[in-house]
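First up is the structure itself, then whatever we jot down about it.
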Amino acid sequence: MEKQRRYWLLKSEPESYSIDDLQRDGSTYWDGVRNYQARNFMRDDMKLGDGILYYHSNTKPPGIVGIARVSREGYPDPSQFDEKSHYFDSKSSEENPRWIVVDVEFVAKLDETLSLPELKKDSSLEGLPLLRKGQRLSVQPVDAKHWRHILKRAGVKEAT
DNA sequence: GCCAACGTTGGC
DNA sequence: GCCAACGTTGGC
């Protein structure tokens, strides 16, 4: 059976790594995720070519700023082995790595941010995990119908 | 296994 | 800067 392409939302603080940084780099590995639920999504569910909504948090206004895609499936997060890294984890080992990254490739930057307040007002986006109260996960699933609606609103043609 | 204390996220 | 909502840690 043909595998269903899935869609995701990745949060990043633009001060640490923005959509402009991703555009400049072309692709990056999504390191530093230290939440098991988010880790599990990256390890088990994110597949090559999956669509990504790029979200800026902790900024004014927060919102969706671009589109990306998964360009490599889960592998051990190098930062967990680096003693100098903020993300170093002494309980992790090369033989039994605890944390996982995927590679993320730039696809498009939106002309305008789809801000969180705008997203909240959009009745078509009911049920989007991002809009749930208290939702802090930095890696979240997005339904195909929400993905299509958001890309349409943003005026982005699907680039895969 | 419970739960209080503490730390983090992230909108406002 | 505030604080709600979690997640984690560690004593018991």
Side-chain angles (χ1 to χ4, degrees), chain A residues 6-25 27-46 50-70 74-104 106-143 145-147 149-154 156:
Chain A
R6 296 210 214 177
Y7 306 97
W8 307 94
L9 182 142
L10 294 190
K11 286 184 192 172
S12 182
E13 300 191 12
E15 261 186 56
S16 51
Y17 198 83
S18 71
I19 187 70
D20 293 318
D21 294 322
L22 183 62
Q23 182 166 28
R24 180 198 63 219
D25 295 342
S27 75
T28 190
Y29 57 89
W30 207 252
D31 69 343
V33 172
R34 294 294 179 267
N35 171 285
Y36 286 105
Q37 210 180 335
R39 188 280 310 268
N40 293 347
F41 282 137
M42 294 201 288
R43 186 188 61 189
D44 305 331
D45 302 321
M46 292 180 84
D50 278 2
I52 293 168
L53 300 173
Y54 202 103
Y55 180 89
H56 279 176
S57 64
N58 253 319
T59 188
K60 285 182 184 176
I64 296 166
V65 294
I67 309 295
R69 74 163 78 87
V70 176
Y75 61 99
D77 182 344
S79 69
Q80 70 195 309
F81 308 126
D82 177 3
E83 285 187 46
K84 295 190 198 76
S85 170
H86 175 65
Y87 298 122
F88 176 67
D89 186 344
S90 61
K91 294 184 190 133
S92 191
S93 66
E94 309 253 0
E95 305 75 49
N96 193 11
R98 179 180 291 196
W99 305 111
I100 297 294
V101 293
V102 296
D103 282 359
V104 171
F106 178 83
V107 173
K109 182 182 174 180
L110 304 191
D111 296 331
E112 282 180 47
T113 299
L114 269 177
S115 74
L116 184 59
E118 290 176 272
L119 297 172
K120 280 179 172 169
K121 275 187 268 174
D122 191 334
S123 59
S124 300
L125 295 178
E126 214 167 299
L128 184 69
L130 177 73
L131 303 180
R132 267 211 310 272
K133 199 180 177 191
Q135 181 55 269
R136 299 183 309 166
L137 265 187
S138 60
V139 178
Q140 304 180 3
V142 175
D143 283 351
K145 64 174 190 289
H146 292 148
W147 167 266
H149 182 76
I150 287 165
L151 260 63
K152 197 172 168 189
R153 264 200 72 167
V156 176

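So you know, we letter chains A, B, ... as the sequences are listed, proteins then strands, and number each from 1.
- Close to dA5(C), at under 4.0 Å from its OP1 or OP2, lies a side-chain N or O of K133(A).
- Judged as a ring-ring contact (aromatic ring centres under 6.0 Å, His included), and not counting sequence neighbours, the contacts of Y36(A) are W99(A).
- For Y75(A), the side chain to side chain donor-acceptor pair (under 3.5 Å) test picks out D103(A), with sequence neighbours left out.
- Ion pairing of D77(A) with R34(A) is present here, as a side-chain N (NZ or NE/NH1/NH2) and a carboxylate O approach within less than 4.0 Å.
- A straight line from CD of Q37(A) to P of dT9(B) spans 15 Å, rounded to a whole angstrom.
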Can R136(A) and S57(A) be said to form a side-chain hydrogen bond (donor to acceptor under 3.5 Å, both in side chains), step by step? CA-CA 10 Å; R136(A) 299 183 309 166; S57(A) 64; over 6 Å; no
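- Classification of the W147(A)-Y7(A) ring pair by plane angle, with boundaries at 30° and 60°, yields parallel.
- At whole-Å resolution of the value, CG in N58(A) and C1' in dC3(C) are 14 Å apart.
- The shortest side-chain heavy-atom distance between V33(A) and Y87(A) does not fall under the 4.5 Å cut-off.
- The separation between W99(A) atom CH2 and dT8(C) atom P is 7 Å, rounded to whole Å.
- For the residue pair S16(A) and E13(A), no side-chain donor N or O sits within less than 3.5 Å of a side-chain acceptor on the partner.
- Atom NZ of K60(A) is separated from atom C1' of dC12(B) by 8 Å (rounded to the nearest Å).
- OP1 or OP2 of dG11(B) lies within a sub-4.0 Å distance of a side-chain N or O belonging to Y55(A).
- Atom-to-atom, CD of Q140(A) to P of dT9(B) comes out at 14 Å; the value is rounded to the nearest Å.
- The distance from atom CD1 of I64(A) to atom C1' of dG10(B) is 16 Å, rounded to the nearest whole Å.
- Contacts between residues 77-95 of chain A and DNA chain C, counted as heavy-atom distances below 4.0 Å, involve no residue at all.
- R132(A) places its CZ atom 15 Å from the P atom of dG11(B), with the value rounded to the nearest Å.
- Counting non-hydrogen atoms under 4.0 angstrom, K120(A) reaches the backbone sugars and phosphates but no base.
- Rounded to a whole Å, the CG atom of L130(A) is 10 Å from the P atom of dG10(B).
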